[in-house]
Amino acid sequence: MKTKIKLLYDTLLNEYGYQGWWPLSSAGYHAKDYTFPKNKNEQFEIIIGSLLTQNTSWTSVEKSLANLKKLKALDPVGMLKINLDILKSAIKPSGYFNQKSERLKLLAKWFLENKNTPTREDLLKLKGVGPETADSILLYAYKIPSFVVDTYTKRILLKIGLIDDSFNYDMIKNLFEDNLKHDYKVFQEFHALLVEHAKQIKKGKRLLLNI
DNA sequence: TTCCAGGCAATAC
DNA sequence: GTATTGCATGGA
């Protein structure tokens, strides 16, 4: 028998289709193509995108990424070299630019010094990287099946009654990971689908799914 | 104008 | 150990 989690996945996929995350400045969304990132620079772009998108809309992040690209700071070496004040103005659209600029610099340094695939614990030691950002980096930059839980995820599960308010980040993460095959492609789609669904609900275009 | 957006760290209690 | 607060911009 299918768990409610799997049913939710099938329903969302049927409703919205493949999401093609993580969007990249060069390739954009890339539905059904799970070969990204194709190189170290794309991997780094996902990492800094995951930091920039904290508590900020993706459209704001896209502006910041475009600014960084013009300044040749969308790769780790360029990020390390760029003047701090110029960096701050480049990422201004994403908010929290004082904190984020410092953390981007540290991420670039870390990325260049550590060539091996990081563990979740490695990532959580980095300044500005909490549970969601760590899982995003693992899942989208390194293709490791680590489920990403964001505020949307919790809100949707609450709404359909799969959890109550006492569930914390790790409990929700485990709920998904215990009920799904550990396939990074499924984890990537599922998280992206939850975000899309939440956006549709906010726009008032979708009602509660029948699950 | 107020609220919130693909959170996290520091501080308060 | 849990709860609260600051961080900052831009669009609805």
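The sequence lines fix the lettering, A, B, ..., with proteins before strands; numbering per chain opens at 1.
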Residue pairs passing the ring-ring contact (aromatic ring centres under 6.0 Å, His included) test where at least one lies in residues 97-127 of chain A, sequence neighbours excluded:
A:Phe44-A:Phe111
Kindly write out the residues that satisfy side-chain contact (heavy atoms from CB on, under 4.5 Å) with A:Asn168, not counting sequence neighbours, or none if the list is empty.
A:Asp170, A:Met171
Do NZ/NE/NH1/NH2 and the carboxylate oxygens of A:Glu121 and A:Lys125 come within less than 4.0 Å?
no
Atom CG of A:Asp135 and atom C1' of B:dG7 are separated, to the nearest Å, by 13 Å
Please, which pairs that meet side-chain hydrogen bond (donor to acceptor under 3.5 Å, both in side chains) have at least one residue in residues 94-103 of chain A, sequence neighbours excluded?
A:Asn55-A:Tyr96, A:Thr56-A:Lys100, A:Ser64-A:Ser94, A:Lys88-A:Asn98
What residues from residues 119-129 of chain A pass a heavy-atom cutoff of under 4.0 Å to DNA chain B?
A:Leu126, A:Lys127, A:Gly128, A:Val129
Rounded to the nearest Å, what distance is computed from the CG atom of residue A:Leu51 to the P atom of nucleotide B:dG7?
12 Å
Which pairs pass ring-ring contact (aromatic ring centres under 6.0 Å, His included) with one or both residues in residues 48-93 of chain A, sequence neighbours excluded?
A:Trp22-A:Trp58
Under 4.0 Å protein heavy-atom contacts per nucleotide of nucleotides 6-12 of chain C, with B for base, S for backbone only and - for none:
-BBSSS-
Atom-pair distance (CZ on A:Arg155; C1' on B:dG7), nearest Å:
13 Å
Would you please name every residue forming a salt bridge (charged side-chain N to carboxylate O under 4.0 Å, His left out) with A:Lys81, sequence neighbours left out?
none
Rounded to the Å, how far apart are A:Leu52 CG and B:dA5 P?
18 Å
Separation of the C1' atoms in B:dA5 and C:dA3, to the nearest angstrom:
23 Å
Pairwise side-chain hydrogen bond (donor to acceptor under 3.5 Å, both in side chains) hits with a residue in residues 140-149 of chain A, at least two apart
A:Asp135-A:Ser146, A:Ser146-A:Lys173
Atom CD of A:Glu102 to atom P of B:dA9: distance rounded to whole Å?
11 Å
All ring pair (Phe, Tyr, Trp, His ring centres under 6.0 Å) counterparts of A:Phe167, not counting sequence neighbours:
none
Identify which nucleotide among B:dA5, B:dG7, B:dC8 has an atom closest to any side-chain atom of A:Ser57, counting heavy atoms from C-beta outward.
B:dA5
For C:dA8 versus B:dT11, give the span between their P atoms, rounded off to a whole number of Å.
15 Å
Please give the remaining members of the hydrophobic cluster of A:Leu80, linking ILVMFWY side chains under 4.5 Å, ordered by chain and number.
A:Val77, A:Leu112
Roughly, in whole Å, what's the span from CD1 in A:Ile172 to P in B:dG7?
13 Å
Nucleotide B:dG7, atom P - distance to CG of A:Asn168 in whole Å:
17 Å
Residues from residues 26-37 of chain A lying under 4.0 Å of DNA chain B - heavy atoms:
A:Tyr29
To the nearest angstrom, the CG-C1' distance between A:Asp150 and B:dC8 comes to 15 Å
Please work out which of the three classes, parallel, tilted or perpendicular, describes the rings of A:Phe147 and A:Phe190, given edges at 30° and 60°.
perpendicular
Could you pull out all residues at least two apart from A:Thr151 that satisfy side-chain contact (heavy atoms from CB on, under 4.5 Å)?
A:Arg155
